[in-house]
Visitor: 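First the structure, which I've put down as structure tokens, then a few questions once you've had a look.
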Amino acid sequence: MLTFIVPLRSKTVTSDWTSVTRLLNRTLNSVCNQSNENFNVIVACHEIPETEFTSNSRVKFLQVDFQPPILKNEASDRWVKEADKGRKIKFAVDYAKSKGASYIMTVDSDDCISNKICDFVAKNTKASTAGWYVKKGYLYPEGKKYTFLNLKNFNTLCGSCVIIKPHLVDFMYGENFWFDHERTIFDGNLSLIPLPFPGALYSMLNGTNHVLDHEEMRKRISINDFSRKSIQTFFRRLGKYVLVPTAFIKDEFSIHYSN
């Protein structure tokens, strides 16, 4: 069975718990829209949010046994948040292992995923396959009628990108519980295989991002001059992306809020 793991930030470290809960509800709606029903979901959290999925038999709200992070309104807060996220993933993976999960997939609590993932994993499970990573995926500026399909390195941008056997998840960790979702090659000739289709959608500019917020997005897409380096950068970025209307993938990724 495939277990989707969704780490959820604490209510104590968010300024808009209502938005966090609303986005989580959409994420769970997307995850539970799988065409193959051989899956379950673990939400690793401090507080159990008020959501329609609290009574869903496939979804387990697993409260962690450690304290929420303490933020100082400094640049280092990002690493504190990432460590909290990494600990929650590890806590949920240990639980998933005890329940016999064959693979786990990490899903950020504001993202959406393809409804084809569970069926693909079920049909391609092998003892020799460590897992897969989402090489191609969509970047979605919230509320827009378009998305950007990243064709080359989606897993370096978004945490909703790792499908791996539970006993191998420790390979994904760096220092201080940093879950390194960019890592695809491990010791012992083990590696993750690129998923052969776009597997996830990165929700951007939704008011809760702590990586690609408005300021960071401006830095990434801006071209400050017409120097040769800037022009090369522009075309390099252009080669990674395809503009796709949101309507084309709306149903597969459940990019809508349930009532």
Side-chain angles (χ1 to χ4, degrees), residues 1-8 24-25 27-49 51-66 84-109 111-134 155 158-174 177-181 183-197 199-200 254:
M1 178 175 287
L2 173 62
T3 297
F4 296 100
I5 291 178
V6 183
L8 180 66
L24 172 67
N25 205 62
T27 295
L28 293 178
N29 187 58
S30 175
V31 171
C32 291
N33 191 41
Q34 296 298 302
S35 61
N36 185 311
E37 296 184 350
N38 190 31
F39 72 91
N40 57 20
V41 187
I42 299 173
V43 180
C45 56
H46 284 97
E47 305 89 2
I48 297 179
T51 166
E52 65 187 65
F53 287 92
T54 52
S55 58
N56 188 301
S57 61
R58 293 187 182 278
V59 181
K60 167 74 174 178
F61 286 86
L62 183 67
Q63 290 182 279
V64 297
D65 61 1
F66 49 86
D84 177 69
K85 177 181 175 180
R87 293 184 72 186
K88 283 172 177 165
I89 291 173
K90 184 67 168 64
F91 192 86
V93 169
D94 288 343
Y95 181 86
K97 283 195 289 189
S98 72
K99 298 299 180 180
S102 54
Y103 287 94
I104 64 97
M105 178 178 181
T106 56
V107 182
D108 287 350
S109 63
D111 293 339
C112 299
I113 64 171
S114 169
N115 61 8
K116 301 186 293 184
I117 288 177
C118 184
D119 190 59
F120 173 83
V121 171
K123 291 177 178 177
N124 291 276
T125 296
K126 297 179 182 178
S128 59
T129 302
W132 300 265
Y133 71 96
V134 179
N155 65 303
C158 179
S160 302
C161 65
V162 176
I163 306 169
I164 191 170
K165 289 185 175 180
H167 71 277
L168 299 176
V169 77
D170 285 348
F171 284 119
M172 302 299 302
Y173 281 88
F177 281 98
W178 177 272
F179 185 84
D180 186 359
H181 57 78
R183 188 172 295 174
T184 61
I185 300 175
F186 317 123
D187 295 335
N189 294 320
L190 293 172
S191 62
L192 301 180
I193 304 168
L195 199 68
F197 56 88
S254 295

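In what follows, every heavy atom counts, from backbone to side chain, and hydrogens, waters and symmetry copies are set aside. Numbering starts at 1 and runs along the sequence shown.
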Visitor: Determine whether K60 and N40 make a side-chain contact, defined as any pair of heavy atoms from C-beta on separated by less than 4.5 Å.
Guide: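 Heavy-atom side-chain distance check fails, nothing below 4.5 Å.
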Visitor: Output yes when a side-chain donor or acceptor of Q63 lies under 3.5 Å from a complementary backbone atom of H46, and no otherwise.
Guide: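 Yes, Q63 side chain to H46 backbone: donor-acceptor pair under 3.5 Å.
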Visitor: Determine, step by step, whether W132 and V121 satisfy the side-chain contact (heavy atoms from CB on, under 4.5 Å) criterion, reporting the C-alpha distance in whole Å, the side-chain angles of both residues, the deciding distance to 0.1 Å, and the verdict.
Guide: CA-CA 9 Å; W132 300 265; V121 171; 4.0 Å; yes
Visitor: Can you name the nearest heavy-atom pair linking V134 to A200, along with the distance?
Guide: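 Heavy-atom minimum between the residues: CG1-N, 3.9 Å.
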Visitor: Apply ring pair (Phe, Tyr, Trp, His ring centres under 6.0 Å) to F91 and list each qualifying residue two or more places apart in sequence or on a separate chain.
Guide: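 Scan of F91 (ring pair (Phe, Tyr, Trp, His ring centres under 6.0 Å), adjacent residues dropped) gives none.
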Visitor: Measure the spacing between CH2 of W178 and CZ of R87 and express it to the nearest 0.5 Å.
Guide: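 Going from CH2 on W178 over to CZ on R87, the span is 16.0 Å.
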Visitor: Quick one: salt bridge (charged side-chain N to carboxylate O under 4.0 Å, His left out) partners of K123, sequence neighbours excluded?
Guide: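 By the salt bridge (charged side-chain N to carboxylate O under 4.0 Å, His left out) rule, K123 matches D119.
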Visitor: Of the non-hydrogen atoms in C118 and F39, which two are nearest, and what is the gap between them?
Guide: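 Scanning both residues completely, I find the closest heavy atoms to be SG-CB, 3.8 Å.
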Visitor: Distance-only, no hydrogens or angles: does the N124 side chain make a donor-acceptor pair with backbone N or O of F120 under 3.5 Å?
Guide: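 Here the side-chain-to-backbone pair exists.
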Visitor: Of all the heavy-atom pairs spanning L2 and S102, show the shortest one and how long it is.
Guide: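 Scanning both residues, the minimum pair turns out to be N-OG, 4.2 Å.
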Visitor: Please give me the minimum heavy-atom distance between M172 and L192, naming the atom from each residue.
Guide: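 Heavy atoms only, the tightest pair is SD-CD1, 4.5 Å.
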Visitor: Are T51 and F61 close enough that some pair of their side-chain heavy atoms sits under 4.5 Å apart?
Guide: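 They are in side-chain contact.
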Visitor: Please name the pair of heavy atoms, one in C32 and one in V41, separated by the smallest distance, quoted to 0.1 Å.
Guide: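 Scanning both residues, the minimum pair turns out to be SG-CG2, 4.2 Å.
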Visitor: So does G159 get a backbone contact from the side chain of T106, meaning a donor-acceptor N/O pair under 3.5 Å?
Guide: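 Yes.
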Visitor: Would S191 and T184 count as a side-chain contact (heavy atoms from CB on, under 4.5 Å) if you check the C-alpha gap in whole Å, the side-chain angles of each, and the deciding distance to 0.1 Å?
Guide: CA-CA 5 Å; S191 62; T184 61; 5.8 Å; no
Visitor: Once you round to the nearest 0.5 Å, how far does CD1 of I164 lie from NE2 of H181?
Guide: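 NE2 of H181 is found 14.0 Å from CD1 of I164.
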Visitor: With no hydrogens and no angle check, is any side-chain donor or acceptor of S35 less than 3.5 Å from a backbone partner on K116?
Guide: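 Not a single qualifying donor-acceptor pair exists.
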Visitor: According to ring pair (Phe, Tyr, Trp, His ring centres under 6.0 Å), who are the partners of F179, at least two apart in sequence or on a separate chain?
Guide: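 For F179, the residues satisfying ring pair (Phe, Tyr, Trp, His ring centres under 6.0 Å) (neighbours in sequence not counted) are Y173.
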Visitor: Might you point out which heavy atoms bring L62 and A92 nearest each other, and give the distance in Å?
Guide: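 The pair with the smallest heavy-atom distance is CD2-CA, 3.9 Å.
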Visitor: Quick one: CD1 on I5 to CD1 on I104, what's the gap to the nearest 0.5 Å?
Guide: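 Answer rounded to 0.5 Å: 4.5 Å.
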Visitor: What pairs with D180 under salt bridge (charged side-chain N to carboxylate O under 4.0 Å, His left out), at least two apart in sequence or on another chain?
Guide: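 Salt bridge (charged side-chain N to carboxylate O under 4.0 Å, His left out) list for D180, sorted by chain: R183.
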Visitor: Sequence neighbours left out, what passes salt bridge (charged side-chain N to carboxylate O under 4.0 Å, His left out) with E37? Give chain and number order.
Guide: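 E37 satisfies salt bridge (charged side-chain N to carboxylate O under 4.0 Å, His left out) with R58 only.
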Visitor: Is there side-chain contact between L8 and K88, with at least one heavy-atom pair below 4.5 Å?
Guide: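 No - every pair of side-chain heavy atoms lies 4.5 Å or more apart.
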Visitor: Output all residues satisfying side-chain contact (heavy atoms from CB on, under 4.5 Å) with P194, sequence neighbours left out; order by chain, then residue number.
Guide: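 Only Y133, K135 meet the side-chain contact (heavy atoms from CB on, under 4.5 Å) criterion with P194.
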Visitor: Which distance, rounded to the nearest 0.5 Å, do you find between the CG of D84 and the CZ of F177?
Guide: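 Between D84 CG and F177 CZ, I get 10.5 Å after rounding to 0.5 Å.
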Visitor: For the residue pair L28 and F4, establish whether any side-chain heavy-atom pair is separated by less than 4.5 Å.
Guide: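 L28 does not reach F4 side chain to side chain.
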Visitor: Given I42 and Y95, is the side-chain contact (heavy atoms from CB on, under 4.5 Å) satisfied, shown in steps?
Guide: CA-CA 9 Å; I42 299 173; Y95 181 86; 3.5 Å; yes
Visitor: Applying side-chain contact (heavy atoms from CB on, under 4.5 Å) between S254 and each of I113, V31, N29, T27, report the one that passes.
Guide: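 Going through the options one by one, the only one that passes is N29.
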Visitor: Would you compute the distance between atom CG of N115 and atom CG of N33 and round it to the nearest 0.5 angstrom?
Guide: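 One gets 5.0 Å once the value is rounded to the nearest 0.5 Å.
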Visitor: If you round to the nearest 0.5 Å, how far is OG1 of T129 from NZ of K165?
Guide: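 Result: 6.5 Å between the selected atoms.
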